[in-house]
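What follows is a set of notes on a single structure, which appears directly below.
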Amino acid sequence: YRSANGGASWELHASAKQTGIPRRIGVIAIDPFDSNHIRIGGVRHSNQDSSGMYVSRDGGVTWARDPFASAQSYWCHSIVFHPTQQGTIWAAVYERGTRNGIWRTTNEGGNWTQLTRGLPLPEQFGRASLAVAPSNPNVLYALAEDDRDRVLGVFRSQDGGGRWRSVGGNHFRRERQMSYNNTIAVHP
């Protein structure tokens with residue numbers, strides 16, 4: 001759906017049935033340098049549904065699936081555009097294997113790199129949420145789920161995702177349902 005009047009009214013803009021995008025969308029991200037460049041992250045709950053990251057370069061008229069994490073089905077729970085460096089995007093995916101985790105591109109999705117330095121092994125990652133610090137966009141935070149639906153950790157990067165360190169301590173050890181209750185934000 002799309003609103004052209006600040007949310008006062010909405011119209012169906014891209015039907016899952018007509019465009020092939022996922023029916024269950026977990027994230028919508030708009031490029032701060034090009035409002036026609038939109039990315040959505042889809043998850044599926046049946047084999048008939050599509051999932052993964054989908055990209056539109058024409059304001060949501062047409063869509064293409066980005067197979068960077070896998071040509072097979074994968075879930076994309078978080079997409080964040082760098083607010084001041086054009087072309088830099090981070091995404092968190094769950095592919096059920098060694099391609100799980102956090103990814104980054106610096107050329108608008110032409111090439112993606114899996115970020116692993118200072119993070120748990122990719123196969124330990126479940127759902128993850130990402131947030132960029134508005135006061136310093138090279139500082140990122142990630143909240144990650146483990147394979148038992150608990151908190152794998154809260155992680156922080158000071159260099160745009162190159163290196164990470166755990167900052168959650170034992171504070172979240174009793175949290176559950178991280179496959180649903182998983183979001184993180186940074187105070188501006």
Side-chain angles (χ1 to χ4, degrees), residues 1-44 49-71 73-95 99 101-115 127-144 155-162 180 182-188:
Y1 287 82
R2 178 178 178 256
S3 174
N5 57 11
S9 63
W10 294 84
E11 66 180 37
L12 181 60
H13 188 64
S15 160
K17 186 179 267 186
Q18 293 173 344
T19 63
I21 62 174
R23 291 185 309 128
R24 298 177 64 98
I25 297 172
V27 62
I28 300 171
I30 302 169
D31 188 334
F33 298 95
D34 178 3
S35 62
N36 285 318
H37 179 194
I38 305 167
R39 291 181 179 258
I40 59 174
V43 299
R44 71 179 192 163
D49 288 339
S50 56
S51 65
M53 181 189 295
Y54 286 74
V55 182
S56 175
R57 304 256 183 202
D58 57 11
V61 176
T62 61
W63 294 89
R65 186 174 181 277
D66 191 329
F68 76 93
S70 175
S73 177
Y74 69 93
W75 293 3
C76 181
H77 290 286
S78 191
I79 304 167
V80 179
F81 282 89
H82 195 295
T84 61
Q85 272 183 0
Q86 189 169 1
T88 299
I89 309 166
W90 296 276
V93 303
Y94 177 63
E95 189 264 345
R99 300 182 68 76
I102 303 168
W103 292 74
R104 176 183 60 201
T105 179
T106 57
N107 60 2
E108 294 188 349
N111 301 91
W112 290 84
T113 302
Q114 189 176 23
L115 306 175
R127 180 178 181 174
S129 297
L130 303 172
V132 173
S135 58
N136 181 353
N138 287 318
V139 174
L140 289 128
Y141 290 88
L143 172 61
F155 305 95
R156 182 178 195 266
S157 173
Q158 293 181 209
D159 62 358
Y180 291 98
N182 189 322
T183 190
I184 191 165
V186 181
H187 190 290

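Here the side chains of Tyr1 and His13 are not in contact, with every heavy-atom distance at 4.5 Å or above. Residues Phe81 and Val132 have side chains not in contact (no heavy-atom distance under 4.5 Å, counting atoms from C-beta outward). Side-chain contact between Trp90 and His82 is present, with at least one heavy-atom pair separated by less than 4.5 Å.
Between Pro22 and Ala16, the shortest heavy-atom contact is O-CB, 4.0 Å. In terms of heavy atoms, Pro134 sits closest to Pro188 at CG-CA, 3.9 Å. Considering every non-hydrogen atom in both Val93 and Ala69, the closest pair reads CG2-CB, 3.9 Å. The two atoms that bring Ser3 and Asn5 nearest to each other are OG-OD1, 2.9 Å, heavy atoms only. Listed here is the closest heavy atom pair of Ser157 and Gly162: OG-N, 3.9 Å. Here the closest non-hydrogen pair linking Asn107 and Thr105 is OD1-OG1, 2.8 Å.
Heavy atoms from other residues, nucleotides or ligands lying under 6.0 Å from CD of Gln18 number 12 at most.
With hydrogens and angles ignored, the 3.5 Å screen pairs no side-chain donor or acceptor of Ser78 with any backbone N or O of Ala92. Under a 3.5 Å cut-off, the side chain of Tyr74 and the backbone N or O of Met53 do form a donor-acceptor pair.
With values rounded to the nearest 0.5 angstrom, Lys17 atom NZ is found 10.0 Å from Arg23 atom CZ. Taking OG of Ser56 as the start and CD1 of Ile21 as the end, the distance is 9.5 Å to the nearest 0.5 Å. Between Arg39 atom CZ and Ile30 atom CD1 the span is 13.0 Å, to the nearest 0.5 Å. Within the model, atoms CD1 of Ile102 and CD of Gln114 stand 9.5 Å from one another, a figure rounded to the nearest 0.5 Å. The CD1 atom of Ile79 sits 8.0 Å away from atom CD1 of Ile40, with the distance rounded to the nearest 0.5 Å. To the nearest 0.5 Å, atom CG of residue Asp66 and atom CH2 of residue Trp112 are 6.5 Å apart.
Side chains of Asn111 and Thr113: a donor-acceptor N/O pair is absent below 3.5 angstrom, by distance only. A donor atom on one side chain and an acceptor atom on the other are found under 3.5 Å apart for Ser73 and Arg44.
For Trp103, the ring pair (Phe, Tyr, Trp, His ring centres under 6.0 Å) criterion is met by Phe68, not counting sequence neighbours. For Ser129, the side-chain contact (heavy atoms from CB on, under 4.5 Å) partners are Asn182, Ile184, not counting sequence neighbours.
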_Does Asp31 form a side-chain contact (heavy atoms from CB on, under 4.5 Å) with Glu108? I'd like the steps, not just the answer._
CA-CA 9 Å; Asp31 188 334; Glu108 294 188 349; 4.2 Å; yes

Can you give the donor-acceptor pairs under 3.5 Å from side chains of residues 136-143 to other protein atoms, not counting sequence neighbours?
| unit_1 | atom_1 | unit_2 | atom_2 | d |
| --- | --- | --- | --- | --- |
| Asn136 | OD1 | Asn138 | N | 3.2 |
| Tyr141 | OH | Arg156 | NE | 2.7 |

